[in-house]
Amino acid sequence: MDLLKSLNPQQRQAVSAPSGQVLVLAGPGSGKTRVLTHRIAFLVAERGVPPRGIMAVTFTNKAAREMGQRVRGLLGNTGDWRPISLGTFHALAARLLRAEAEHLPVGRDFVIFDESDQQALMRQVVKDLQLDPKQHPPNRFRRAISSAKNELVEVEDYPSTSYFDELVRRTYARYQQFLVANNALDFDDLLFWLVRLLREHPPIRQKYRERFRHILVDEFQDTNSAQYNMLRLLAGEETDLFVVGDPDQSIYRWRGADYRNVQRFQRDYPEAQVILLEENYRSTQRILDAAMAVIDRLPGRRRKALFTRRGAGHPLLLHEAYDEADEAEFVVQTIRRLAREGQASPGQVAVMYRTNAQSRALEEAFLRANMPYRLVGAQRFYGRREVKDLIAYLRLVHNPRDQVSLLRILNVPPRGIGAKTVEALLNAASTLHLSAGELVLALQGGMPAELNGPLGRRALRALDAFGRQLNAWREAARSQPLVALIDRILADTGLRAYLEDGTEEGQERWANVLELRRVAEEFSELGLETFLEHVALISDQDTLSDQQEAPTLLTLHAAKGLEFQVVIITGLDDGLLPHQRSFDDPEAMAEERRLFYVGLTRAMDRIILVRCFRRRLFGRDEPATPSRFLHDLPSALLEGELLSLGAGQARAMDTLTRWDATPASGAPAARFRAGMRVLHRKFGEGIVMESRVEQDDEEVTIAFQSVGLKRLAASMAGLEILDDHAGGPTES
DNA sequence: ATCACAATACTTTTT
DNA sequence: GTATTGTGAT
């Protein structure tokens, strides 16, 4: 039949495999997405499976959307079409949990806490338990609890084998209490609670087993323990389970993903059919050879012989730049050149990097060259303060028990509710056994004694006014479309005037608010709850628009599942890729290697690798050495000046060690020198340890008798020179 | 209560 | 280089 005609024998075998358990181990570019979409279409068209009975789980929402479109394309839009359930584990869990909310400690209107909400909550926990946040960074607890949840470890089961673990145990318990009080679940809870629900309520489990007779999972190597357990619970004897993955592309271990789920699957389902896809339809052979040279150094894996019929192709190009700016400039020029020579249009080029911070230099170069670009990264938008603020308003309207959101916006823009007032409010709320949000809502002119006592008239009036607004918004949420609610909030709070402070930045902030409003317009029919869920579960990849004819800038992680004609990987320095934080952990180093492998295998025709001698890290220039992964690439596959001890390296060393006494022209001469005795109006007397001339100021490090070492900006500090015993010019 | 500036601490990757 | 917290002045 038509569906199978365009496939190779292995793909065909997978697509038409009998219902049961199927594990497809697919190399990069082997058409695994095609296999999945064809399998779904095959089930519907050939086996007569109702689309409603199919659950397909992808890694990102974008992948889910695309898969839906592709399946629709294969089936044609005729007939009585009902949408297939497609989604990510988190979106799926959120949906099922809302449907079964009576079994949860939170209401069906729960909100989803993202990482920054989790952090805010954890700060409250640490404060509540009277721990010193300096000594016990809330973030460490957050992380420990997150991995515990991913491993399905309950609070009671958390080991207390060390002092730290004991603290985690305590914070974990309190953190969960706080979440419930906020009527909120965090990312990890979504999975954890669903597993619990399915485990403890056989009727519910049975219901979904009957509903979803076919479950398909993409990117199976990046599932974590909770997800795997969820899968096992959802799949009964009768379920057709079809998972696709590539252990070599597992890059989310740090988030709890465990590629050993692939082995676990084979152990748990010994009958499962295993199908291998090795033929590559994406890359040229040189690219595959390079990728294999990198990945084959990993021990204990099943080797894949990747091959293609696309021919040898171009060698990989290696370039060493001087610094980040130079690196970025090279990237821009290369894209220009490729376009000029007709090799690749800019829209077919991807620029990849290990850390988000690296995008800055690149963006600057693109802006300077007046070249448009697409930046993948939801953080950039949804992480912005003003965007988060507006979302917090909406969340509070939807769920007044959300204290994290309440505290976030209670005084933004300033409305006369300061720290004292907040404290009194929280105390009163806990005495009255209400959430702070509910208390504010209940005020309506009548003040309980708990607030009347400690607070002055002005503060009471401010709280009351806010309560009235919040009530009005809740009414608007019930009766009016989402955008009307947003407009009402914006008008009532005067957010625009607050944001637009006359600076360019202020304009941009307001523009971001409008952009969020525009996104909300698309959710007018779906409503507030769906909108909030969307913004909570949105992924980086989701922000990649596919229309523009511009190069794509993205992290290597975000590149998973994508392909480009030309891939430029920047920052191939040791410490960046592999990242320094992975050095002492072999498993983490293996993951860095797989990450590089993922980047390489995104390319269809060309790979360009770039690194630089000096890199700005921590705001300071540091020398960099070439990535150790570069040494694994056979030189036969490479083109361009060789790394390490080439002429360039010698030049760099020279630059690094040369004594340069003459300050750059235009820079002010240093006023302070090591050894000087100086007087500071607050810190008193001290001795200058070091002085560095910055852009148009001087950064002085001074040892004070009173407070020890301080680093100050000379122009701000108001230093008085007592005497000048300095020996000579100080240079770092 | 609010602002402005200064010091501090932290940046791997993200659903 | 950035986000958040802390401090002193108004």
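Lettering of chains follows the sequences in order, A, B, ..., and the numbering in each one begins at 1.
- Residue ring and base: A/F89 does not count as stacked with B/dT15 (centre distance below 5.5 Å and interplanar angle below 30° not both satisfied).
- A/T58 and A/D218 form no side-chain donor-acceptor contact under 3.5 Å, judged by distance and modelled atom types alone.
- For the pair A/L185 CG and B/dT15 C1', the interatomic distance rounds to 14 Å; values are reported in whole Å.
- Heavy-atom nearest nucleotides on DNA chain C were determined for A/R385 and for A/E364, and the one closer to the 5' end corresponds to A/E364.
- Residue-level contact check: A/R123 touches the backbone only, with heavy atoms under 4.0 Å from sugar-phosphate atoms and none from bases.
- At whole-Å resolution of the value, CG in A/L407 and P in C/dT5 are 12 Å apart.
- We find that CE of A/M230 is positioned 16 Å from P of B/dT15, with the value rounded to whole Å.
- Nucleotides of DNA chain B nearest to A/P137 and A/L595 differ in position, and the one nearer the 5' end is that of A/P137.
- Note on ring orientation: taking the six-membered ring where Trp is involved, the planes of A/H534 and A/F531 are parallel (angle under 30°, cut-offs 30° and 60°).
- A/N139 places its CG atom 16 Å from the P atom of C/dA3, with the value rounded to the nearest Å.
- Using C1' as the reference atom, C/dT4 and B/dT13 are 22 Å apart when rounded to the nearest Å.
- Listed pair A/N356 / B/dT13 meets the phosphate criterion, a side-chain N or O lying under 4.0 Å from OP1 or OP2.
- A/Q119 has its CD atom 16 Å from the P atom of B/dA9, to the nearest Å.
- Remark: side-chain polar atoms of A/R611 are not paired, donor with acceptor, to backbone N or O of A/G571 under 3.5 angstrom.
- Rounded to whole angstrom, the span from the CZ atom of A/F187 across to the C1' atom of B/dT13 amounts to 15 Å.
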Problem set entry | Stepwise salt bridge (charged side-chain N to carboxylate O under 4.0 Å, His left out) check, A/E533 with A/R95 | CA-CA 10 Å; A/E533 189 160 308; A/R95 212 157 77 191; over 6 Å; no
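- The CG atom of A/D585 sits 14 Å away from the C1' atom of B/dT13 (whole-angstrom rounding).
- Counted by atom type alone, A/D258 and A/Y228 present zero donor-acceptor pairs between their side chains at under 3.5 Å.
- Among the protein residues, A/E591 comes within range of no part of the nucleic acid, since none of its heavy atoms lies under 4.0 Å from any strand.
- Ring to ring, A/F59 and A/F220 are not that close: their centroids are 6.0 angstrom or more apart.
- Side-chain atoms of A/T355 lie closest to B/dT13 of the nucleotides B/dC3, B/dT14, B/dT13.
- Comparing B/dT14, B/dT15, B/dT11 by their closest approach to the side chain of A/T88 singles out B/dT15.
- Using a 4.0 Å heavy-atom criterion, one finds that A/D188 contacts no nucleic acid atom at all.
- A sub-4.0 Å separation between OP1 or OP2 of B/dA1 and a side-chain N or O of A/T421 is present.
- Checked against B/dT11, B/dC3, B/dT14, the side chain of A/R255 finds its nearest nucleotide in B/dT14.
- With DNA chain B read from its 5' end, the first of the two nearest nucleotides for A/I251 and A/R458 is the one closest to A/R458.
- With distances taken from any side-chain atom of A/R360 to the nucleotides C/dT2, B/dT15, B/dT13, the minimum falls on C/dT2.
- Rounded to whole angstrom, the span from the CG atom of A/L190 across to the C1' atom of B/dT14 amounts to 14 Å.
- Residue A/N411 has a polar side-chain atom (N or O) positioned under 4.0 Å from OP1 or OP2 of B/dT2.
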